[in-house]
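Notes for the one structure printed next.
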Amino acid sequence: MCRDTISNIITSIRNADMAKKGTVRIESTNISKPLIKILLREGFIENVRKHRKNNKNFLVLTLRHRRNRKGPYRTNLNLKRISRPGLQIYSKYQEIPRILGGMGIVILSTSRGIMTDREARLERIGGKILCYIW
């Protein structure tokens with residue numbers, strides 16, 4: 001089992017989305033809660049509920065799928081991990097990248113908690129870039 005919880009969350013969501021699964025079960029940690037809260041607020045997932053099994057807490061996510069009646073199935077989420085345990089990427093608030101011209105979001109870990117790129121620019125603080133979502 002990998003010790004990088006953020007990459008575990010991103011990989012499990014990406015795999016469930018590609019496999020057309022409706023729900024994903026993720027272990028509840030101090031890092032996963034604000035990350036999932038951002039995904040819910042930005043509209044990348046539909047619902048989150050808490051689940052407890054064998055004295056462990058889990059978050060069950062309901063994914064949002066985009067279906068085109070005439071065309072093939074299209075995945076809704078594109079997630080990319082940026083900072084990893086071997087390479088930390090930091091950015092000032094002026095240099096935070098814009099994903100797809102502002103259509104995607106950048107999730108940062110700042111001194112005031114985990115937040116999106118828009119919130120970090122408004123508060124004028126930089127931090128460690130965790131991932132890109134579009």
Side-chain angles (χ1 to χ4, degrees):
M1 184 171 169
C2 182
R3 295 183 187 256
D4 187 12
T5 58
I6 296 172
S7 65
N8 285 343
I9 293 167
I10 289 173
T11 303
S12 60
I13 291 173
R14 185 186 311 120
N15 288 343
D17 191 46
M18 287 191 307
K20 302 177 189 173
K21 299 287 183 185
T23 59
V24 179
R25 189 178 75 171
I26 293 174
E27 195 169 339
S28 178
T29 61
N30 289 338
I31 295 174
S32 68
K33 289 177 187 176
L35 190 66
I36 298 304
K37 206 178 283 186
I38 289 173
L39 288 174
L40 182 64
R41 186 177 61 225
E42 295 290 328
F44 290 105
I45 58 176
E46 283 185 19
N47 191 13
V48 178
R49 68 177 195 270
K50 295 178 183 176
H51 180 68
R52 186 174 176 89
K53 185 176 183 182
N54 296 336
N55 293 329
K56 285 192 174 184
N57 293 324
F58 294 98
L59 297 172
V60 179
L61 311 177
T62 305
L63 298 179
R64 176 169 293 177
H65 291 291
R66 182 173 53 190
R67 299 185 194 282
N68 188 354
R69 293 179 188 241
K70 295 181 181 177
Y73 175 82
R74 303 170 88 186
T75 59
N76 191 17
L77 290 174
N78 291 314
L79 300 120
K80 184 176 180 185
R81 178 82 158 114
I82 303 301
S83 289
R84 55 186 200 270
L87 178 66
Q88 307 291 323
I89 306 294
Y90 294 90
S91 177
K92 298 177 185 177
Y93 78 93
Q94 300 100 335
E95 299 169 359
I96 297 172
R98 293 186 191 274
I99 306 303
L100 294 177
M103 296 295 289
I105 62 171
V106 177
I107 297 181
L108 296 117
S109 176
T110 66
S111 59
R112 296 184 191 159
I114 296 176
M115 60 180 62
T116 64
D117 56 341
R118 291 180 208 108
E119 296 168 347
R121 283 189 196 99
L122 285 175
E123 293 191 25
R124 300 173 66 101
I125 55 174
K128 181 169 64 170
I129 299 174
L130 297 178
C131 62
Y132 298 155
I133 303 172
W134 69 95

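Numbers for residues simply follow the sequence, beginning at 1. If you're wondering where the values come from, they're calculated on a predicted model, not measured in any experiment.
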**Report entry** Cluster overlap Tyr90 with Met115, hydrophobic side-chain contacts below 4.5 Å
**Finding:** no
Query raised in the report: After noting the C-alpha distance and the side-chain angles of Leu130 and Arg81, does the key distance pass the side chain to side chain contact (heavy atoms under 4.5 Å, CB included) rule?
Result: CA-CA 6 Å; Leu130 297 178; Arg81 178 82 158 114; 4.1 Å; yes
Query raised in the report: Does Leu108 belong to the same Ile/Leu/Val/Met/Phe/Trp/Tyr cluster as Ile99, with side-chain heavy atoms less than 4.5 Å apart forming each link?
Result: yes
Report summary line: Heavy-atom closest pair (Ile38 atom, Ile105 atom, distance to 0.1 Å) is CG2-CD1, 4.0 Å
**Report entry** SG-CD1 distance between Cys131 and Ile114, expressed to the nearest 0.5 angstrom
**Finding:** 9.0 Å
Query raised in the report: Within the side chain of Ser83, is there an N or O that forms a donor-acceptor pair under 3.5 Å with the backbone of Ile89?
Result: yes
Query raised in the report: Hey, what do you get for CZ (Phe58) to NZ (Lys50), rounding to the nearest 0.5 Å?
Result: 14.5 Å
Requested in this report: Determine, step by step, whether Ile45 and Arg64 satisfy the side chain to side chain contact (heavy atoms under 4.5 Å, CB included) criterion, reporting the C-alpha distance in whole Å, the side-chain angles of both residues, the deciding distance to 0.1 Å, and the verdict.
Outcome: CA-CA 5 Å; Ile45 58 176; Arg64 176 169 293 177; 5.9 Å; no
Report summary line: Scanning both residues in full, the closest heavy-atom pair of Phe44 with Trp134 reads CE2-C, 4.2 Å
Query raised in the report: Is it the case that one hydrophobic cluster holds both Val106 and Tyr93, taking links as side-chain heavy atoms less than 4.5 Å apart, direct or via other members?
Result: yes
Query raised in the report: What are the two closest heavy atoms between Ile129 and Ser91, and how far apart are they?
Result: CD1-CB, 3.8 Å
Query - Arg98, CZ atom: more than 12 neighbouring heavy atoms under 6.0 Å - result: no
Query - Ser32 to Glu27 - nearest heavy-atom pair and separation - result: OG-O, 3.3 Å
Report summary line: Interatomic distance, CD1@Ile107 vs CD@Glu42, rounded to 0.5 Å, equals 8.0 Å
Query - Shortest non-hydrogen contact from Pro97 toward Arg121 - result: O-NH2, 3.4 Å
Query - Separation between CG of Asn78 and CZ of Arg14, rounded to the nearest 0.5 Å - result: 9.0 Å
**Report entry** Sole residue of Arg41, Arg112, Arg124 in salt bridge (Lys or Arg N to Asp or Glu O under 4.0 Å) with Glu119
**Finding:** Arg41
Report summary line: Residues Asn30 and Pro34: closest non-hydrogen pair is O-CD, 3.1 Å
**Report entry** Student check: side-chain heavy atoms of Ile13 and Ile9 closer than 4.5 Å
**Finding:** yes
Query raised in the report: Quick one: which of Leu61, Val60, Ile26 gives a side chain to side chain contact (heavy atoms under 4.5 Å, CB included) with Val48?
Result: Leu61
Query - Single-linkage hydrophobic cluster, 4.5 Å side-chain cutoff, Leu40 and Ile6 together - result: yes
Query raised in the report: Are Ile10 and Ile31 in one and the same hydrophobic cluster, where Ile, Leu, Val, Met, Phe, Trp and Tyr link if side-chain heavy atoms are under 4.5 Å apart?
Result: yes
Requested in this report: Could you go through the side chain to side chain contact (heavy atoms under 4.5 Å, CB included) check for Leu59 and Arg25 one step at a time?
Outcome: CA-CA 6 Å; Leu59 297 172; Arg25 189 178 75 171; over 6 Å; no
